[in-house]
Amino acid sequence: MRLIVKEPVDRTGVPYARRWWALLVLCLSLLIIVMANTALTVAAPDMTRDLGLTSADLQWVIDGYTVPYAALMLLLGAIGDKYSRRGALVLGLLVFGGGAVAGSLVDSAGGVITARAVMGVGAALIMPATLSLLAATFPRRERARAITLWTATAGLAIAAGPLVAGALLERYGWSSTFLINVPIVVLALVGAFVLVPPSRAARRERVDHVGGLLSVVWIGALVYTIIEGPHFGWGANALTAAGVAAVALVLFVVQELRHPRPVLDLRRFADRRFAGSNLAVALFFLAVFGAFYYLTQHLQFVLGYDALETGTRMLPLAGAVFVGSALTGYLTPRVGMRVTVTAGMVGGTTALALLTRIDAASSYGDFVAPLLVLGLAIGLALSPCTDAIMGAFPESELGVGGAVNDTSLELGGSLGIAVLGSVLASSYSSRLSDATAGSGLPADALSSAQDSVGAGYAVAQGVGERARQLAEQAARAADATQAGELKAQAEQLASGAHRMADAVASSFSGAVAHTSLIGAVVLGVGTVLVAVLLPRGTAADTAAGTDAEGAAAPGTPAEDGTPADAGPGGREHEPAGTAR
């Protein structure tokens with residue numbers, strides 16, 4: 001057997017023997033690009049302290065990865081389809097690894113943001129490649145099971161990121177959270193050549209570069225708007241980006257509807273299964289990423305867990321994702337994807353509703369049930385949606401299919417952090433102002449404390465430190481009167497520091513409950529929309545060519561005999577061919 005796999009699967013005529021090992025490589029590649037964001041949530045405090053990051057700097061350290069990641073996926077997925085899906089994976093791993101090394105070496109906000117942006121470009125190559133290679137490597141009858149494991153890996157990465165970062169931060173600096181990616185990248189690179197067969201579209205038609213570039217502009221501008229507006233205000237930058245996104249989107253739609261070979265055939269969104277699946281993915285990750293954003297803060301700042309302890313306490317989520325994924329593999333063929341996906345979204349809504357009970361007296365035990373329910377919901381909802389999205393694309397467009405799924409995920413996640421993060425910040429600021437009214441806290445100190453829960457505790461700690469200094473001065477004072485006055489001031493400040501810390505805890509806990517309510521309402525409304533959009537029917541109905549409502553199922557011939565996989569103009573797409 002050759003060390004490097006060179007023969008495409010479609011040339012062998014039989015299922016690829018090492019396909020499950022290939023899936024392991026693809027899941028490993030997925031793991032690091034998801035962990036790149038979730039690990040940063042616990043590394044952020046150390047990074048902020050060492051680099052002197054402002055709140056704006058920290059926001060762009062996080063989102064400098066997201067903008068190129070979301071914007072480039074569709075175009076790079078199409079390019080990977082034409083030239084080489086495995087080549088896209090390999091190049092993406094190299095770019096991602098290079099960005100990780102650079103991120104570990106820089107010592108400024110601009111350097112870290114640039115390194116994160118480079119990693120985002122690598123992730124934009126990797127993410128659609130993992131799904132397209134999965135779909136090309138596995139026969140259709142096994143694809144749903146493989147996608148279930150792929151989805152479970154994404155859920156694992158959400159929880160594993162903080163755990164790995166926390167373990168590293170116990171002994172090393174924040175730069176270690178970048179360097180940990182390097183050995184994984186090397187392992188995935190070796191595995192890509194040894195275990196993953198090459199793949200590309202057999203018909204090497206020209207890529208719609210105009211449509212692809214327009215997709216980069218409108219998605220990038222939209223994500224930038226989502227980040228800039230809620231966090232930094234709706235000034236000239238946010239409004240200009242919103243205008244650019246709107247114009248570029250209109251031009252993109254016109255281009256794709258007129259082009260004979262569009263980078264994305266927008267007519268697919270007329271299919272209820274495809275449109276409903278994309279909506280479900282976007283809405284679900286809006287809730288998941290938004291909740292993850294404030295849950296990790298609550299565990300670290302309010303409950304006082306360090307980075308490792310926070311990561312460990314997110315593990316119930318990961319375990320529940322695997323259980324939910326196993327359930328969806330059993331339920332979906334029997335009751336249909338609409339029932340399974342709707343059940344998952346109802347579970348996500350329930351998890352957010354449970355978080356509305358959080359208050360300053362809540363312990364970790366109050367978070368276990370929401371984490372378990374949310375993990376089960378992720379496993380139930382996402383695998384059927386991803387399978388439906390990938391199933392809507394012919395073999396020649398699997399990279400685009402993966403990009404569409406992942407773009408929905410990223411747009412939803414960005415909206416979740418931006419919208420729910422904005423609600424959280426506004427609610428916390430308002431509640432803290434009310435809680436400290438009449439306390440005599442200086443206006444500048446209150447303004448600083450309202451910036452974030454971390455800043456609030458920093459203000460309380462500063463007041464406490466001043467109280468300690470006055471107490472030490474009182475102990476050294478020779479004059480009894482002066483000593484008494486200093487001691488009284490110290491006691492007053494110490495009491496104020498405790499009240500301030502309590503006010504921060506109660507304000508942030510209340511903000512978490514309020515934000516969870518908003519998230520539950522949004523996801524609840526979305527659940528109804530998705531349930532209406534998705535057609536009824538089980539896998540047996542799909543195999544028969546119709547759903548339970550009599551509509552043609554994706555992947556089946558239309559009544560006029562045109563294959564469902566036909567591209568624009570009614571031409572049937574050819575199967576995947578070779579890659580280099």
Side-chain angles (χ1 to χ4, degrees), residues 131 144 147-148 150-151 154-155 266-292 320-321 324-325 327-329 331-354 373-393 401-402 404-416 419-420 516-539 541-542 546-555:
L131 264 180
I147 287 177
T148 295
W150 183 91
T151 304
L266 298 177
R267 296 173 184 85
R268 296 188 194 282
F269 286 94
D271 173 36
R272 290 169 53 189
R273 191 184 305 270
F274 182 75
S277 296
N278 277 285
L279 180 62
V281 169
L283 286 172
F284 208 87
F285 271 89
L286 184 153
V288 169
F289 275 53
F292 193 84
V321 169
S325 298
L327 286 174
T328 196
L331 292 174
T332 304
R334 291 164 175 79
V335 300
M337 73 168 292
R338 180 162 79 166
V339 174
T340 309
V341 171
T342 303
M345 295 187 73
V346 168
T349 304
T350 302
L352 292 178
L354 290 172
V373 174
L374 186 59
L376 282 170
I378 292 171
L380 281 173
L382 294 182
S383 296
C385 290
T386 300
D387 189 35
I389 292 169
M390 294 301 295
F393 288 86
V404 170
N405 179 82
D406 302 332
T407 300
S408 295
L409 186 156
E410 276 302 307
L411 287 177
S414 298
L415 272 172
V419 175
L420 294 186
S516 297
L517 176 61
I518 301 298
V521 170
V522 171
L523 189 56
V525 173
T527 300
V528 176
L529 292 175
V530 169
V532 171
L533 271 175
L534 291 177
R536 294 194 299 269
T538 65
D541 297 318
T542 302
T546 60
D547 59 37
E549 295 172 348

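Values reported hereafter were calculated over all heavy atoms of this structure, with side chains retained and with hydrogens, waters and symmetry mates removed. Note that the coordinates shown come from a computational prediction; the quantities given were computed from them, not determined experimentally.
In this structure, OG1 in T349 is found 8.0 Å from CZ in F284, a value given to the nearest 0.5 Å. Between the CE atom of M345 and the OG1 atom of T340 there is a distance of 13.5 Å, given to the nearest 0.5 Å. Rounded to the nearest 0.5 angstrom, L380 CG and T332 OG1 are separated by 8.0 Å. With values rounded to the nearest 0.5 angstrom, S414 atom OG is found 12.0 Å from F285 atom CZ. Note: I378 CD1 to T151 OG1 = 10.5 Å, rounded to the nearest 0.5 Å. The line from CZ of R272 to OG of S277 is 11.5 Å long, rounded to the nearest 0.5 Å.
With hydrogens and angles disregarded, a donor-acceptor distance shorter than 3.5 Å links the side chain of N278 to the backbone of F274.
Of all non-hydrogen atoms in C385 and V281, the two that sit nearest each other are CB-CG2, 3.8 Å. Taking every heavy atom of both residues into account, A392 and R268 meet most closely at O-NH1, 2.8 Å. The two residues L352 and A287 make their nearest non-hydrogen contact at CD1-CB, 3.8 Å. Of all heavy-atom pairs spanning A275 and F269, the tightest one is CB-O, 3.4 Å. Closest heavy-atom contact between R338 and V532: NH1-O, 4.4 Å. Contact between L131 and M390 at its shortest, heavy atoms only, is O-CE, 3.7 Å.
Every residue two or more places apart in sequence or in another chain was checked for a ring pair (Phe, Tyr, Trp, His ring centres under 6.0 Å) with F292, and none qualifies.
The closest side-chain heavy-atom distance from T328 to L382 is not below 4.5 Å. Proximity of V321 to S325: side-chain heavy atoms (C-beta onward) are separated by under 4.5 Å at one or more points. Under the 4.5 Å side-chain criterion, counting only non-hydrogen atoms from C-beta, V346 is in contact with T350. Looking at heavy atoms from C-beta onward, V419 lies out of side-chain contact with L286 at the 4.5 angstrom threshold.
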